[in-house]
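Positions are given from 1 along the sequence. FYI, side chains are in, hydrogens and waters are out, and symmetry mates aren't considered; it's all heavy atoms of this structure.
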Amino acid sequence: FALEGCLKADAILSAGYPVVSVPSISLWNTKEIADQEFLRRYFGGKTVAIVPDGDWLEWHLNRGAVIRQARFLQAYLTYRGINAVVASTPKAVYEASDGKIKGVDDYLGTECPGFGKGDLMQLEVVEHEIDDVLDPPTEDVTARCFLHEYRETMRAAFQYTATSLT
């Protein structure tokens, strides 16, 4: 599930994998995604990899919007019985390229010194951003308040999803 447009979808298709795409990270909540039959037909029995750009690591660029939308989609799909993970350009590749290799299209199409060319199966599953990565500067009080609300929202969403499926 490519979250950032047709170039990402084209890269995934070119690598030989099926893909669903939306034009922007915040535009995933479509009528198709709300359709249980659509979800069953296209996502049922599969693990859905939600693929945001690697700049989700950069709090100062997007204030957590990229990873937040990816996690909202993950919670939405999980609640509907779809196994979903968030996977992105490996952090080491993103950092080694000074942020130039951020999207799956960049990752699959660009040689990164010390890493070679990207492979879709080598995307990094994002597991611990809530506590380990999205840590805005201490002096940014607004960001700290927002991050606290985000953490609590995500914890509640995943707790609700886990208890409602059991």
Side-chain angles (χ1 to χ4, degrees), residues 1-130 132-135 150 154 157-158 161 165:
F1 202 116
L3 282 182
E4 301 203 38
C6 63
L7 293 177
K8 303 345 177 181
D10 289 348
I12 293 170
L13 280 173
S14 294
Y17 293 91
V19 65
V20 171
S21 177
V22 292
S24 167
I25 60 166
S26 63
L27 297 177
W28 59 264
N29 196 6
T30 65
K31 66 180 181 179
E32 293 83 8
I33 294 301
D35 181 353
Q36 193 63 35
E37 177 58 26
F38 177 90
L39 293 176
R40 185 199 58 72
R41 182 174 182 188
Y42 294 105
F43 297 156
K46 300 171 180 77
T47 296
V48 175
I50 300 162
V51 186
D53 278 355
D55 62 353
W56 70 265
L57 291 159
E58 304 285 346
W59 174 265
H60 66 281
L61 294 177
N62 59 60
R63 299 183 73 80
V66 174
I67 195 65
R68 184 174 60 251
Q69 289 298 324
R71 289 296 190 211
F72 285 155
L73 176 56
Q74 182 184 24
Y76 183 93
L77 292 174
T78 300
Y79 177 71
R80 282 153 184 79
I82 306 298
N83 184 33
V85 298
V86 175
S88 187
T89 299
K91 180 180 178 182
V93 172
Y94 179 77
E95 290 174 346
S97 71
D98 293 323
K100 292 181 181 91
I101 299 177
K102 70 174 186 172
V104 68
D105 53 335
D106 306 319
Y107 179 60
L108 295 175
T110 307
E111 190 85 22
C112 182
F115 293 95
K117 205 169 195 180
D119 177 339
L120 196 62
M121 298 311 290
Q122 299 301 315
L123 288 176
E124 195 167 85
V125 174
V126 180
E127 295 182 26
H128 303 292
E129 89 287 344
I130 290 176
D132 298 338
V133 179
L134 291 182
D135 194 18
Y150 169 70
M154 288 293 90
F158 281 103
T161 299
L165 292 175

**Request:** Go through the steps for Met121 and Tyr17 under the test side chain to side chain contact (heavy atoms under 4.5 Å, CB included), then give the verdict.
**Result:** CA-CA 10 Å; Met121 298 311 290; Tyr17 293 91; 3.2 Å; yes
**Request:** Verify side chain to side chain contact (heavy atoms under 4.5 Å, CB included) between Gln122 and Tyr107, making sure each step is shown before the conclusion.
**Result:** CA-CA 10 Å; Gln122 299 301 315; Tyr107 179 60; 3.3 Å; yes
**Request:** If the plane angle is over 60° it's perpendicular, under 30° parallel, otherwise tilted; pick one for Phe1 and Phe43.
**Result:** tilted
**Request:** For Asp106 and Lys100, run side chain to side chain contact (heavy atoms under 4.5 Å, CB included): C-alpha distance rounded to whole Å, both residues' side-chain angles, the deciding distance at 0.1 Å, then the answer.
**Result:** CA-CA 8 Å; Asp106 306 319; Lys100 292 181 181 91; over 6 Å; no
**Asked** Would you call Thr89 and Asp53 a side-chain contact if the rule is heavy atoms closer than 4.5 Å?
**Response** no
**Prompt:** Of the non-hydrogen atoms in Ala15 and Leu108, which two are nearest, and what is the gap between them?
**Reply:** CB-CD1, 4.1 Å
**Request:** Using modelled atom types only, decide if a donor and an acceptor are shared between the side chain of Gln74 and the backbone of Ile50 within a distance under 3.5 Å.
**Result:** no
**Request:** Can you spot which of Leu123, Leu120, Val19 makes a side-chain contact (heavy atoms from CB on, under 4.5 Å) with Val51?
**Result:** Leu123
**Request:** Please name the pair of heavy atoms, one in Gln36 and one in Arg80, separated by the smallest distance, quoted to 0.1 Å.
**Result:** NE2-O, 3.6 Å
**Request:** Report yes if some heavy atom in the side chain of Val104 is under 4.5 Å from a heavy atom in the side chain of Lys8; otherwise report no.
**Result:** yes
**Complete:** In terms of heavy-atom contacts, Ala70 and Pro52 come closest through CB-CG, 4.2 Å
**Request:** State, yes or no, whether a side-chain contact exists between Ile82 and Tyr76 at a heavy-atom distance under 4.5 Å.
**Result:** no
